[in-house]
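Each remark here refers to the structure printed beneath this line.
Note on naming: letters A, B, ... go to the chains in the order of the sequence lines (proteins, then strands), and numbering restarts at 1 for each one. What you are looking at is a predicted structure, and each value in this text was computed from that prediction instead of being measured.
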Number of protein chains: 2
Amino acid sequence: MKSSPASKTELLERANQLAGKTLGAIAAETGLSLPDSMKRAKGWTGLLVEHCLGACAGSLPGPDFPALGIELKTLPLDHQGKPRESTYVCTVSPRNDLKTAWRTSRVRQKLSHVLWITVEALPDMPLAERRIGTPILWRPDASQEKILKSDWEELTDMIRRGELDKITARYGQYLQIRPKARNARALQSSAGPEGYPDMTLPRGYYLRAKFTRQILDYHP
Amino acid sequence: MKSSPASKTELLERANQLAGKTLGAIAAETGLSLPDSMKRAKGWTGLLVEHCLGACAGSLPGPDFPALGIELKTLPLDHQGKPRESTYVCTVSPRNDLKTAWRTSRVRQKLSHVLWITVEALPDMPLAERRIGTPILWRPDASQEKILKSDWEELTDMIRRGELDKITARYGQYLQIRPKARNARALQSSAGPEGYPDMTLPRGYYLRAKFTRQILDYHP
DNA sequence: GTGGATCCATGTATGGATCCAA
DNA sequence: TTGGATCCATACATGGATCCAC
């Protein structure tokens, strides 16, 4: 693990040094072993990139680069350079989310400043050959934030009305809520219609792929 | 792991079957491997006995035998048959402890009905040769509970006044508070003088050896 | 395409206690 | 003797995401 970058400039330098390299080459440099596939190592690329850039791995709940206020996200791309997957943002924490407004929400904090690291993710391409792309340092513009805020408020209102279990991934234009758990039987403490405790499936906030595609389109 | 005992009678039968056996013999029967010493396996005897009696290992926060409302504790004895160590009860949780009274406290719940399993624990005796003693099913009598309550209330009042960091193991006649952490640098969330969050060393409630000795004296 | 389901790593928290220096 | 320090196992929470049936 490298030390934390001292500045935005240093962070971008490191990220640019990764651009164009294959995961196999990076793994070899860092001494990490390459898994056979992502099936059993879904977060592997993210951990590898965190390691290379000196992010504070697994430290909660701040951004990956606390001194810079920047969050790191890897983004898997298809053969057209479009995102293949939605992007996980953070967990849904019904009690805490109801206590705050959009301005101070964890979703907004996480998304206020993001370093996107794109990675080739074609299903038939061996992991070792997949290449890192050009890094994108992004902040939401006014129109993007407006819609994110609207989505978040719609979802939070449903939670407030005790309708968490009615929320499906179909709500939200850019931001959606989907399961985020070990499996469908996992339960976490929640809040019922009138604030009473309840157990529900753990969920997370995700960015739809069509939204991250828009980000890429503005940073070609 | 055996199934849970269905009744107090069945639990006592199982405990009596362990009495007189050595840890080596029991480990062999259960297929568990005996550690070289307790230095690196401090809770080993407790886990072994839980296994043999069918306790719900590690399930929180109820008693070891939920259906019976009975807590299991092993008690290491010296060459005179006296307790060698204090007995851990439960962790100190400042916020929760302040919300409750003695009647509903976790300390009282844990101690309301205990099955004590004594074990020889002479320092020079090899682990494999140490023998389990006669089980003791115990409930605190009125005078014991009076003092436990008094100790708990004294300690809880100190926590309420924000004096958790001033509490040493010297307070309390039967019940004391001592560190319970990975090491002295470990920190956990606490509550400051006016309810503000604070970080302190994790601590636990313990029964002094002189108290458990009293229990043994009444059940010779 | 994508909504619902799932997988790994890691850090804490809790439950089982005993160690050891003064 | 014992107050303060420490050790192991296991479960849960969170952060990293991708899988895959429909």
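At least one side-chain nitrogen or oxygen of B:Arg185 sits closer than 4.0 Å to the OP1 or OP2 atom of D:dT6. Side-chain nitrogen and oxygen atoms of B:Arg170 include at least one within less than 4.0 Å of the OP1 or OP2 phosphate oxygen of D:dG4. OP1 or OP2 of D:dG3 lies within a sub-4.0 Å distance of a side-chain N or O belonging to B:Gln176. At the phosphate of D:dA11, neither OP1 nor OP2 sits under 4.0 Å from any side-chain N or O atom of A:Arg182.
Among the nucleotides C:dA9, D:dT14, C:dT18, the one closest to any side-chain atom of A:Leu47 is C:dA9. Comparing atom distances between the A:Lys42 side chain and each of C:dA17, D:dG4, C:dC7 picks out C:dC7 as nearest. Of the candidate nucleotides D:dC7, C:dC7, C:dA17, C:dA17 has the atom nearest to the side chain of B:Thr74. Side-chain proximity of A:Thr168 to the nucleotides D:dA13, D:dG3, C:dG4 is greatest for C:dG4. The side chain of B:Pro179 sits closest to D:dA5 out of D:dA5, D:dC7, C:dG15. The side chain of A:Ala184 has C:dA5 as its nearest neighbour among C:dG15, C:dG4, C:dA5.
The environment of B:Arg178 atom CZ is dense: over 12 non-hydrogen atoms of other residues, nucleotides or ligands sit within 6.0 angstrom. At most 12 non-hydrogen atoms from other residues, nucleotides or ligands lie less than 6.0 angstrom from CG of A:Asp36. The neighbour count for A:Arg213 CZ, taken as heavy atoms of other residues, nucleotides or ligands under 6.0 Å away, does not exceed 12.
The stretch residues 115-126 of chain B has no heavy atom under 4.0 Å from DNA chain D, so no residue of it qualifies as close.
Counting non-hydrogen atoms under 4.0 angstrom, A:Lys180 reaches a base of the nucleic acid. B:Arg178 comes within contact range of at least one nucleobase, with a heavy-atom separation under 4.0 Å. Nucleic acid contact class of B:Arg203 (heavy atoms, under 4.0 Å, all strands): none. Residue A:Ala181 is in base contact, counting any heavy-atom pair closer than 4.0 Å across all strands shown. At the heavy-atom level, B:Pro76 lies under 4.0 Å from the strands shown only through sugar-phosphate atoms. Residue A:Tyr206 is in base contact, counting any heavy-atom pair closer than 4.0 Å across all strands shown.
When rounded to the nearest whole Å, the span between NZ of B:Lys39 and C1' of C:dC20 equals 10 Å. Summarising the geometry, the separation between CH2 on B:Trp44 and P on C:dT18 is reported as 12 Å, rounded to the nearest angstrom. A:Phe65 places its CZ atom 16 Å from the P atom of D:dG15, with the value rounded to the nearest Å. The interatomic distance linking B:Leu201 (CG) with C:dT14 (P) rounds to 14 Å, in whole Å. To the nearest angstrom, C1' of C:dC7 lies 15 Å from CG of A:Asp36. As rounded to whole Å, 11 Å separates atom C1' of D:dG16 from atom CE of A:Met38.
Residue whose closest nucleotide on DNA chain C sits further toward the 5' end, between B:Leu187 and B:Leu75: B:Leu187. Comparing B:Asp64 and B:Arg84 by the nucleotide of DNA chain C whose heavy atom lies nearest to each, the residue mapping closer to the 5' end is B:Asp64. Toward the 5' end of DNA chain D, the nearer of the two residues B:Gly43 and A:Thr87, judged by each one's closest nucleotide, is B:Gly43.
The cationic group of B:Lys180 lies under 6.0 Å from the six-membered ring centre of B:Tyr88 and within 45° of the ring axis, placing it in a cation-pi geometry.
The closest side-chain donor-acceptor pair between B:Tyr205 and B:Asp97 falls under 3.5 angstrom. In the model, B:Gln214 has a side-chain atom that pairs as donor or acceptor with a side-chain atom of B:Gln144 under 3.5 Å.
With respect to A:Glu120 and A:Arg131, no salt bridge is recorded, no charged nitrogen being found less than 4.0 Å from a carboxylate O.
The minimum heavy-atom distance linking B:Ile136 with B:Leu216 is given by the pair CD1-CD2, 3.5 Å. Scanning both residues, B:Leu201 and B:Ala184, for their nearest heavy atoms gives CD1-O, 3.8 Å. Of all the heavy atoms in A:Gly46 and A:Thr74, the pair that sits closest is CA-CG2, 3.9 Å. The two residues A:Leu53 and A:Phe65 make their nearest non-hydrogen contact at O-CE2, 3.5 Å.
Counting distance only, with no hydrogens placed and no angle test, the side-chain atoms of B:Glu85 and the base atoms of C:dC19 include a donor-acceptor pair under 3.5 Å.
Direction change of the helix axis from one end of the helix from C:dG1-D:dC22 to C:dA22-D:dT1 to the other is 20°, with five pairs defining each end axis (rounded to 10°).
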